[in-house]
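What follows is a short report on a single structure.
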Amino acid sequence: MSTSTHADAQPTRYDKWLLKTMNDARARRLHATRGARRRIVVAHVVTTAVGLAGMVGAYAWASPWPLAALLVALLVWVPLTGFLNSMTRGLLELRARVLDERQRAERGEVHARAYRVNSWVMTAALLGFYLAWLAEISLADLAVPLAATGLAVLTLHRLLPLWIAALRVQDEPEDDEVGEMAEAHEAGVPSA
């Protein structure tokens with residue numbers, strides 16, 4: 001009896017469209033170097049922090065005005081997220097059936113690293129709140145820090161794998177190397 005996994009299934013029309021979108025060559029020049037990729041990741045982290053500050057500020061001051069920071073940050077955050085997905089070639093967004101073995105292994109490695117970092121962050125946060133409890137700080141005084149920490153940990157859980165994957169991306173081979181590899185592939189010669 002043969003069992004099939006999701007990785008063995010044929011890509012759907014959506015899978016093909018998303019793969020094409022994530023591998024669009026028009027955006028590659030914007031993140032072709034390691035320095036450019038790092039700048040995009042830093043900009044994304046900062047923009048995320050500004051958006052979170054707007055959300056927490058709206059809660060802390062019971063005012064909708066800090067949400068303006070969130071809306072402005074969102075206008076920058078969305079294209080930056082697109083660049084991160086482009087530079088990782090959709091590693092975290094594509095379904096497993098579209099990825100090859102190397103990409104699935106890379107996805108697993110990225111998630112494992114993010115899990116370790118996130119575990120330490122959550123442990124530090126819990127330890128901090130435990131120390132606050134030992135210092136007999138009231139729960140009312142901890143409302144904003146609890147909300148901010150919960151939101152930050154949730155955001156980190158969601159975005160850290162993307163940031164790690166983007167920082168791990170290697171530089172593309174030079175155009176001559178790519179052309180030679182493509183010609184060798186078309187001729188049926190294995191590349192080194």
Side-chain angles (χ1 to χ4, degrees), residues 1-45 47-48 51-52 74-122 151-192:
M1 183 168 101
S2 166
T3 59
S4 97
T5 63
H6 291 291
D8 297 334
Q10 293 296 320
T12 64
R13 210 172 31 186
Y14 172 76
D15 292 331
K16 292 174 185 174
W17 172 82
L18 191 58
L19 181 64
K20 180 182 168 199
T21 302
M22 296 291 179
N23 289 284
D24 191 346
R26 293 176 292 183
R28 282 197 200 132
R29 66 179 173 76
L30 299 172
H31 52 75
T33 64
R34 183 175 298 273
R37 289 190 297 274
R38 285 185 179 161
R39 284 189 295 275
I40 292 170
V41 171
V42 167
H44 195 266
V45 170
T47 305
T48 301
L52 290 176
L74 197 59
L75 292 173
V76 177
W77 189 86
V78 170
L80 287 173
T81 303
F83 284 136
L84 292 177
N85 283 322
S86 172
M87 73 177 69
T88 62
R89 296 182 181 236
L91 182 71
L92 301 172
E93 301 299 324
L94 294 170
R95 296 179 191 172
R97 67 175 135 225
V98 183
L99 302 176
D100 60 25
E101 280 184 33
R102 181 196 56 79
Q103 290 168 319
R104 281 188 227 131
E106 178 68 15
R107 179 191 274 185
E109 176 66 24
V110 164
H111 281 295
R113 286 177 187 240
Y115 174 80
R116 285 192 293 271
V117 171
N118 211 12
S119 294
W120 283 108
V121 169
M122 286 190 291
L151 190 59
V153 167
L154 179 65
T155 302
L156 192 65
H157 170 73
R158 177 66 183 101
L159 293 176
L160 190 59
L162 183 59
W163 295 335
I164 290 172
L167 290 172
R168 288 176 51 97
V169 170
Q170 300 296 316
D171 286 341
E172 294 284 328
E174 296 298 322
D175 289 338
D176 293 340
E177 293 176 28
V178 172
E180 290 172 9
M181 288 174 21
E183 289 172 8
H185 179 68
E186 288 173 6
V189 177
S191 59

Point to revise | Thr12 versus Arg95, closest heavy-atom pair with distance | key: OG1-NH1, 3.8 Å

Review point. Does any non-hydrogen side-chain atom of Thr48 lie less than 4.5 Å from one of Leu80?
Key: no

Exercise for review: Using the test side-chain contact (heavy atoms from CB on, under 4.5 Å), find all partners of Val45 that sit at least two apart in sequence or belong to another chain.
Suggested key: Val41, Trp163

Review point. From Ile40 CD1 over to Thr81 OG1, what is the distance, rounded to the nearest 0.5 angstrom?
Key: 11.0 Å

Point to revise | Which residues share a side chain to side chain donor-acceptor pair (under 3.5 Å) with Thr155, sequence neighbours left out | key: none

Point to revise | Residues that Ile164 engages under side-chain contact (heavy atoms from CB on, under 4.5 Å), provided they are two or more places apart | key: Val110, Arg113, Ala114, Leu160, Arg168

Exercise for review: Side-chain contact test, heavy atoms from C-beta onward, threshold under 4.5 Å: evaluate it for Leu92 versus Arg107 and give yes or no.
Suggested key: yes

Review point. Quick one: ring-ring contact (aromatic ring centres under 6.0 Å, His included) pairs with a partner in residues 75-117, sequence neighbours left out?
Key: His44-Trp77

Review point. Sub-3.5 Å donor-acceptor pair from the side chain of Thr88 to the main-chain atoms of Leu84, do we have one?
Key: yes

Practice item. Return the minimal non-hydrogen interatomic distance between Gln103 and Val98, and the atom names on each side. Key: OE1-O, 4.3 Å

Practice item. State, yes or no, whether a side-chain contact exists between Met122 and Leu156 at a heavy-atom distance under 4.5 Å. Key: no

Check your understanding: Between CG of Leu91 and CD of Glu109, what distance do you get to the nearest 0.5 Å?
Key -> 11.5 Å

Point to revise | For Arg116, all residues meeting side chain to side chain donor-acceptor pair (under 3.5 Å), sequence neighbours excluded | key: none

Check your understanding: Out of curiosity, Met87 CE to Asn85 CG, how far, rounded to the nearest 0.5 Å?
Key -> 9.5 Å

Point to revise | Qualifying residues under side chain to side chain donor-acceptor pair (under 3.5 Å), relative to Arg38, sequence neighbours excluded | key: none

